[in-house]
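Quick caveat, the model's predicted, so the values are computed rather than measured. All residue numbers refer to positions in the sequence shown, counting from 1.
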Amino acid sequence: DDALASAAMQFAPTLDQIRILTPDKYLAQVVRGDWIIQVDRARGRVYNQAAVVEKFGVLPSSIPDYLALVGDTADGIPGIAGFGAKSTATILARYHHIDDIPTDSDDWDISVRGARRLADRLADEFNDALLYRDLATLRGDVPVGTPDDTAYSAAATKEFAHLCAQLGASRLLARLP
C-alpha cells in the first residue's frame, strides 16, 4: 500500500491522471480531485474525491483519522469504542483530524449523538487514536523510480508458463493475452 501511495504521489506531477486499481479503503487517502483516483474493479466503482466524500463522509486527507476512530478489523486497528461510521464522519467532516477535535463536547459546534461520551472516550484514548492514525497513514516516500520504470510492457511468457505449471494454474496461463 505504501508503494502504491508513493508512486501515486511521486508520479502525480508528471502524469495527466493516476488510477489506483484496488478496493482497499486505505488508498482512498491518496485520492486527489479527478487527478488521482481509485478504481474498484470488482465493484465497478471509480472514486474521485467527491466519491470518497460520498462513501465515507470525509475528505481523503481525513481517511487515516476515520480509520483510527472507526477501526479496521482487516488490518488489526481496533478503533475507539463508540465511534461508528456516522458519528465519526460527522465529527471529521467538521474538524478533519483527531488533534483538531475539541476535548470538551460543549465546544463542538456540531450535533452528534452521545457527544459527551465520545469526547470523554477520545480524551481517555487519545494517544491510542494517534497511534492508530499513524498505522493507517500511508507513506509517500517509498523509492519507486519513475513512471517508465514501472510501466507494464508484457508478461515474460516463458517464465510465466513455468510458474503456472509449478502452481498447477493452467487456466491462469490461458488468460494471458
State, with a plain yes or no, whether a side-chain heavy atom of Y95 is found less than 4.5 Å away from one of P102. yes
Working to the nearest 0.5 Å, report the span between OG1 of T90 and CG of L118. 10.5 Å
Identify whether L163 and L172 are in the same connected component of the hydrophobic contact network (ILVMFWY, side-chain heavy atoms under 4.5 Å). no
Inspect the surroundings of CZ in R121 and state if more than 12 heavy atoms from other residues, nucleotides or ligands are less than 6.0 Å away. no
Q29 (side chain) donor-acceptor with A5 (main chain) under 3.5 angstrom: no
Apply ring-ring contact (aromatic ring centres under 6.0 Å, His included) to F56 and list each qualifying residue two or more places apart in sequence or on a separate chain. Y66
Minimum-distance pair of heavy atoms, taken over all atoms of T150 and V144: CG2-O, 3.7 Å
Side chain to side chain contact (heavy atoms under 4.5 Å, CB included) against V39, all qualifying residues, sequence neighbours excluded: R19, L21, I37, R41, V46
Between D120 (side chain) and R117 (backbone), is there a donor-acceptor pair under 3.5 Å? no
Quick one: are L92 and I101 in side-chain contact, heavy atoms under 4.5 Å? yes
Looking at G57 and A93, what are the two nearest heavy atoms and their distance? O-CB, 3.6 Å
CG (D72) and NZ (K25) are apart, to the nearest 0.5 Å, by 4.0 Å
Check for a donor-acceptor pair, side chain of D65 on one end and backbone N or O of I98 on the other, with a separation under 3.5 Å. yes
Do you see a donor-acceptor pair shorter than 3.5 Å between the side chains of Y132 and D75? no
Pairs satisfying ring-ring contact (aromatic ring centres under 6.0 Å, His included), at least one member in residues 8-51, at least two apart: none
Rounded to the nearest 0.5 Å, the NZ atom of K86 sits from the CD1 atom of I91 at a distance of 12.5 Å
Applying side chain to side chain contact (heavy atoms under 4.5 Å, CB included), name anything that partners D134, two or more places apart in sequence or on another chain. R139
If the condition is side chain to side chain contact (heavy atoms under 4.5 Å, CB included), which residues does R113 pass it with, not counting sequence neighbours? none
Separation of L122 CG from L130 CG (nearest 0.5 Å): 8.5 Å
Please name the pair of heavy atoms, one in V70 and one in G84, separated by the smallest distance, quoted to 0.1 Å. CG2-O, 3.8 Å
In this structure, are over 12 heavy atoms from other groups packed under 6.0 Å from H97 atom NE2? yes
Backbone of R45 reached by a side-chain donor or acceptor of Q38 within 3.5 Å: no
For V53, the hydrophobic cluster (side chain heavy atoms closer than 4.5 Å, chained through members) also holds L59
Residue Q166 excluded, over 12 heavy atoms near CD under 6.0 Å: yes
Looking at every heavy atom in both G82 and S87, which two are closest together, and how far apart are they? O-OG, 4.1 Å
Output the distance between atom OG (S105) and atom CZ (R116), rounded to the nearest 0.5 Å. 4.0 Å
Please determine if R133 and D99 form a salt bridge, counting it only when a charged side-chain N lies under 4.0 Å from a carboxylate O. yes
Locate the shortest heavy-atom distance separating V52 from P60; write the atom from each residue and the value. CG1-CG, 4.0 Å
Looking at A8 and V30, what are the two nearest heavy atoms and their distance? CB-CG1, 3.7 Å
When rounded to the nearest 0.5 angstrom, what is the spacing between CG in N48 and CD1 in I36? 12.5 Å
Minimum side-chain heavy-atom gap H96-S61 below 4.5 Å: no
